[in-house]
Amino acid sequence: MSGGQSQELIKQLLQAEKDAEDIIAAAKKNRLAKLKQAKDRAEEDLKAFREEQERKFQAEMGAKTAADPAAELKGATQREVDGVKKDYDTNKERAISYIISRVLDVPTSLSTTQKQALASGIA
């Protein structure tokens with residue numbers, strides 16, 4: 001091999017190394033671009049997901065905020081009062097009859113204990 005041919009081979013080798021470095025640099029650049037693109041896409045998806053969840057949360061909270069706990073309690077209390085009144089109306093006549101029968105049914109005789117107490121002079 002002559003000196004000119006060696007120089008030509010060295011030049012080719014250097015050019016091949018430069019081309020390889022350029023290819024590697026381009027691949028790295030493409031890789032970084034794809035990573036950035038993937039990151040941007042993931043952030044967009046995350047943003048959409050957050051907005052949807054926030055919208056659901058606000059809808060649920062709006063419904064709970066709009067509900068009046070005092071009115072709910074008032075309604076439950078009124079239902080309980082109505083139940084008690086219904087029970088009263090249902091049992092009123094029977095209770096009155098029972099009380100009157102017990103008041104009017106007074107035994108006219110003395111029990112054994114009462115007779116003993118009278119006999120001993122305690123009462």
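What you see is a predicted model, and the numbers here were worked out from it, not measured in a lab. Side chains are part of it too, since the values below use all heavy atoms of this structure and drop only hydrogens, waters and symmetry mates.
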What is the distance from atom [atom1] of [X] to atom [atom2] of [Y], rounded to the nearest 0.5 Å?
{"X": "Glu54", "Y": "Lys47", "atom1": "CD", "atom2": "NZ", "answer": "13.5 Å"}
{"X": "Ile24", "Y": "Asp19", "atom1": "CD1", "atom2": "CG", "answer": "11.0 Å"}
{"X": "Arg41", "Y": "Asp45", "atom1": "CZ", "atom2": "CG", "answer": "5.0 Å"}
{"X": "Leu46", "Y": "Gln53", "atom1": "CG", "atom2": "CD", "answer": "10.5 Å"}
{"X": "Ser109", "Y": "Gln114", "atom1": "OG", "atom2": "CD", "answer": "8.5 Å"}
{"X": "Leu35", "Y": "Asp40", "atom1": "CG", "atom2": "CG", "answer": "11.0 Å"}

From the list Lys85, Gln78, Arg79, side-chain hydrogen bond (donor to acceptor under 3.5 Å, both in side chains) with Asp82 holds only for Gln78

Salt bridge (charged side-chain N to carboxylate O under 4.0 Å, His left out) pairs touching residues 6-18, sequence neighbours excluded, are Lys18-Asp22

Exactly one of Arg50, Arg55, Lys56 clears salt bridge (Lys or Arg N to Asp or Glu O under 4.0 Å) with Glu52, and that residue is Lys56

Report, one line per pair, each donor and acceptor closer than 3.5 Å where one atom sits in a side chain of residues 87-103; sequence neighbours left out.
from, atom 1, to, atom 2, distance (Å)
Thr90, OG1, Lys86, O, 2.7
Asn91, OD1, Arg94, NH2, 3.3
Asn91, ND2, Asp87, O, 3.2
Ser97, OG, Glu93, O, 3.0
Ser101, OG, Ser97, O, 3.4
Ser101, OG, Tyr98, O, 2.8

